[in-house]
Structures are given as C-alpha cells and as structure tokens.
Amino acid sequence: MQALIVGCGDVGCRLALRLIARGMAVTGVVRSSSSAAALERLGIAALKADLDADVIADLPAADWLFHFAPPPETGEADPRLVGTLAALTAPPSRLVYLSTSAVYGDCAGRWIDESESLKPKSARGHRRLDAERAALAYAAREGIAAMILRVPGIYGPGRLPLQKLTSGAPLVQRDQSPYTNRIHADDLAAAAQSVAELGMAGAAYNVSDGQPTTMTDYFLRCARLLGVLPPAEQPLEEAMKTMSPMLKSFLEESKRLSNRRLVEELGWRPQYPSLDAGLPASLAPDMVVQAFTGAA
C-alpha cells in the first residue's frame with residue numbers, strides 16, 4: 001500500500017508516521033529543501049513540488065492520497081488542489097481532503113453537524129468549499145472514494161500562541177467571546193487515518209474534540225500553562241480592530257461542532273478529548289517539532 005501526502009507539514013508528518021507503523025510506504029510532498037530534510041530526518045520519503053506552478057511535475061501513483069496543502073491566500077478557488085489532481089500519474093483509490101469548519105460560516109453559537117448548510121462567510125471558507133467540490137467532482141469522474149475533513153483550530157506541540165500572548169494585543173472580553181473549536185494535531189492525524197480506512201465515499205467529517213470553548217478561554221488557559229501574564233481584555237468590537245484577518249474570521253463565525261459522525265460511525269476517539277488533557281501534553285518534547293527545527 002502506498003500513501004501520498006500533499007502538503008506534508010506538521011500534521012502530515014504525524015499521519016505519515018502512523019501509516020508507516022501500519023506497514024504503508026509513504027511519500028510526503030513539500031515545497032522546500034528544508035522541509036524535505038525534516039521529513040527525511042523522520043524516515044519519511046520526500047518529494048519537492050511547487051503547487052503554484054502552471055504545470056506540476058508528475059506525482060507518483062498512490063492507493064491513498066491526502067491533500068493537506070492549503071489554498072492560496074487570495075481568490076475564491078483552490079488551483080493547488082486542481083493542479084495536484086491533474087499531476088497524478090494514476091488516480092488513488094481513496095482521497096482525503098483537509099478542509100475547514102469555515103465552510104459553515106457563522107452559526108450563532110449553535111451545535112451543528114455535517115448536515116448543516118454550507119454558507120461560508122470568509123474568503124478562506126469560500127476557497128475551501130471550492131476545493132471540497134473539486135475533490136468530490138474528481139472522485140465522481142474517476143470512480144474513487146473521496147472524503148472531506150472539516151477542521152477547526154489545530155493546537156499541539158509547537159502550536160501554542162506564545163507570540164500572540166506576549167505581543168500586547170488584547171483579548172476579547174470573556175463574556176463576549178464567541179464559541180470556537182479545537183483539535184490536537186495528533187488527534188487530527190489519527191482521524192485522517194480513520195477516515196481513509198473506514199470513511200464513506202462522499203462523506204464529510206467534523207474533526208474536533210467535541211468540547212468547544214471560547215477563543216478567550218483558550219488563550220487564558222495557554223497563558224496559565226506557559227506562565228505568562230494574560231493580555232488585557234476588551235469589548236469584542238474594540239478587540240476586532242487589532243485582530244489579524246485569521247483571528248477575525250474565527251471570531252466572526254461562532255459555532256459548536258459535533259464530532260458524533262466520526263465517533264459513532266468510525267469508532268474514532270480523541271487521545272486528547274479536552275484542552276485540560278491536550279494542552280499540558282503540548283509542552284512535552286516532540287519528534288516532529290524537533291525534526292522541523294533541525295534539533296532531531
């Protein structure tokens with residue numbers, strides 16, 4: 001069995017190590033020589049490719065294809081996925097596309113599942129929805145199975161917001177902070193494997209720990225864990241004026257994600273079912289982070 005992981009960064013490497021332990025041959029597609037070296041330090045075969053090229057060099061055939069590369073930061077489509085699929089020397093039997101919960105748009109804090117209508121609010125959400133549709137259309141043409149992972153904020157080793165906490169930028173007043181959702185990077189990798197093995201063709205799966213909280217609560221927990229003073233809090237309207245576009249998009253789209261389909265249909269269970277479990281574990285030495293920093 002062969003697996004190809006396009007956009008094999010932090011989460012892709014965690015998935016690759018799981019698949020190698022399962023007995024699969026895995027190739028990770030990356031952009032830079034430094035990323036290729038990081039993969040090789042982990043024992044993962046690496047292939048360099050420019051996903052923004054007009055024509056991507058041929059990509060090897062694989063039984064399973066995971067597309068984890070994000071779309072470009074502008075526009076409302078994802079030419080990187082389209083180019084990747086065109087560059088395959090043969091279609092895979094199963095395709096897993098990593099999307100985002102932003103395709104649901106703002107749900108006013110409601111609990112939602114995969115039956116929720118898709119009404120993205122941000123350009124980021126529109127690009128991901130375009131990619132979802134492209135992946136499913138390709139699967140229909142080629143007669144293969146494609147599955148979608150709808151993913152919220154990812155945290156884990158090397159991903160805690162120390163820079164944000166020490167930048168002086170304020171947080172949203174805690175009683176005004178909308179709901180956001182999280183998933184630990186290791187749990188996301190495990191979910192991707194489960195979906196590749198057992199997922200239903202054409203299905204989408206919300207990948208979260210099932211314990212939504214607010215962004216302010218998340219940052220306050222991280223501040224306590226990292227031993228830094230928490231930033232000041234401001235009313236939502238004021239804090240939004242200084243937020244990055246990414247943080248703004250999270251704050252403008254309040255929702256609580258149900259992971260019931262992933263749990264009940266595929267038997268997936270998160271190793272870190274809450275921030276109480278996952279945040280302390282994120283400080284432990286981590287071989288993937290070490291590989292990318294050259295410390296391995």
Novice: Should side-chain heavy atoms under 4.5 Å link Ile, Leu, Val, Met, Phe, Trp and Tyr, which residues sit in the same cluster as L129?
Specialist: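 Hydrophobic cluster check, L129: joined to V103, Y104, I112, L118, L257.
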Novice: Among all residues two or more places apart in sequence or in another chain, which pass the salt bridge (Lys or Arg N to Asp or Glu O under 4.0 Å) test with R256?
Specialist: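 Salt bridge (Lys or Arg N to Asp or Glu O under 4.0 Å) list for R256, sorted by chain: empty.
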Novice: Can you check whether R31 reaches D50 side chain to side chain, under 4.5 Å on heavy atoms?
Specialist: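 They are in side-chain contact.
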Novice: Is it true that S274 and Q211 share a donor-acceptor pair across their side chains at a distance under 3.5 Å?
Specialist: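 No - no donor-acceptor pair under 3.5 Å links their side chains.
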Novice: Judged by modelled atom types alone, do R124 and T100 share a side-chain donor-acceptor pair under 3.5 Å?
Specialist: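 Short answer, yes.
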Novice: Show which side-chain atoms of residues 54-70 pair as donor or acceptor with protein atoms under 3.5 Å away, not counting sequence neighbours.
Specialist:
from: D63; atom 1: OD2; to: Q2; atom 2: N; distance (Å): 2.6
from: H67; atom 1: NE2; to: T84; atom 2: OG1; distance (Å): 3.4

Novice: Please collect all salt bridge (Lys or Arg N to Asp or Glu O under 4.0 Å) contacts where either partner lies in residues 87-96, sequence neighbours excluded, each pair once.
Specialist: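 Listed once each, the pairs would be none.
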Novice: Should we say atom CZ of R22 is surrounded by more than 12 heavy atoms from elsewhere, each under 6.0 Å from it?
Specialist: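 Counting other residues, nucleotides and ligands, CZ of R22 exceeds 12 neighbours.
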Novice: Test of understanding: with ring pair (Phe, Tyr, Trp, His ring centres under 6.0 Å), list the residues that count as partners of Y218, not counting sequence neighbours.
Specialist: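 Testing Y218 for ring pair (Phe, Tyr, Trp, His ring centres under 6.0 Å), a comparison that skips the adjacent residues, returns none.
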Novice: Ignoring hydrogens and angles, write down the donor-acceptor pairs under 3.5 Å from the side chains of residues 224-237, residues two or more places apart or on other chains.
Specialist:
from: E233; atom 1: OE1; to: R174; atom 2: N; distance (Å): 2.9
from: E233; atom 1: OE1; to: R174; atom 2: NE; distance (Å): 3.3
from: E233; atom 1: OE2; to: R174; atom 2: NE; distance (Å): 3.0
from: E233; atom 1: OE2; to: R174; atom 2: NH2; distance (Å): 2.5

Novice: Linking Ile, Leu, Val, Met, Phe, Trp and Tyr by side-chain heavy atoms under 4.5 Å, what else ends up with Y179?
Specialist: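 Noted: Y179 shares its cluster with no other residue.
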Novice: Which residues pass the side chain to side chain contact (heavy atoms under 4.5 Å, CB included) test with D175, not counting sequence neighbours?
Specialist: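 Counting only residues at least two positions away or on another chain, D175 forms a side chain to side chain contact (heavy atoms under 4.5 Å, CB included) with Q173.
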Novice: Among all residues two or more places apart in sequence or in another chain, which pass the side chain to side chain contact (heavy atoms under 4.5 Å, CB included) test with T180?
Specialist: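 Side chain to side chain contact (heavy atoms under 4.5 Å, CB included) list for T180, sorted by chain: R182, M215, F250.
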Novice: Checking side-chain hydrogen bond (donor to acceptor under 3.5 Å, both in side chains) between R221 and each of T216, T213, D276, which is the one that passes?
Specialist: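 Only one of T216, T213, D276 forms a side-chain hydrogen bond (donor to acceptor under 3.5 Å, both in side chains) with R221, namely D276.
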Novice: For the residue pair K48 and S33, confirm or rule out a side-chain donor-acceptor distance under 3.5 Å.
Specialist: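 Yes, because at least one side-chain N or O of K48 sits under 3.5 Å from a partner of the opposite role on S33.
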Novice: Just to verify, what does R14 make a side chain to side chain contact (heavy atoms under 4.5 Å, CB included) with, not counting sequence neighbours?
Specialist: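 In terms of side chain to side chain contact (heavy atoms under 4.5 Å, CB included), with neighbours along the sequence ignored, R14 is linked to D10, P157, A185, D186, A189, D286, V288, V289.
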Novice: Search all heavy atoms of L160 against all heavy atoms of C222 and return the closest pair with its distance.
Specialist: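 Smallest interatomic distance, heavy atoms only, reads CD2-SG, 4.4 Å.
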Novice: Can you check whether S254's main-chain N or O pairs, donor with acceptor, with D106's side chain at less than 3.5 Å?
Specialist: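 Here the side-chain-to-backbone pair exists.
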Novice: Partners of Y138 by ring pair (Phe, Tyr, Trp, His ring centres under 6.0 Å), sequence neighbours excluded?
Specialist: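 Ring pair (Phe, Tyr, Trp, His ring centres under 6.0 Å) list for Y138, sorted by chain: empty.
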Novice: Any salt bridge between E252 and K248, counting N to O under 4.0 Å?
Specialist: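 Answer for the salt bridge query: no.
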Novice: Sequence neighbours left out, what passes side chain to side chain contact (heavy atoms under 4.5 Å, CB included) with A203? Give chain and number order.
Specialist: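 Result, side chain to side chain contact (heavy atoms under 4.5 Å, CB included) vs A203: M200, Y205, R261.
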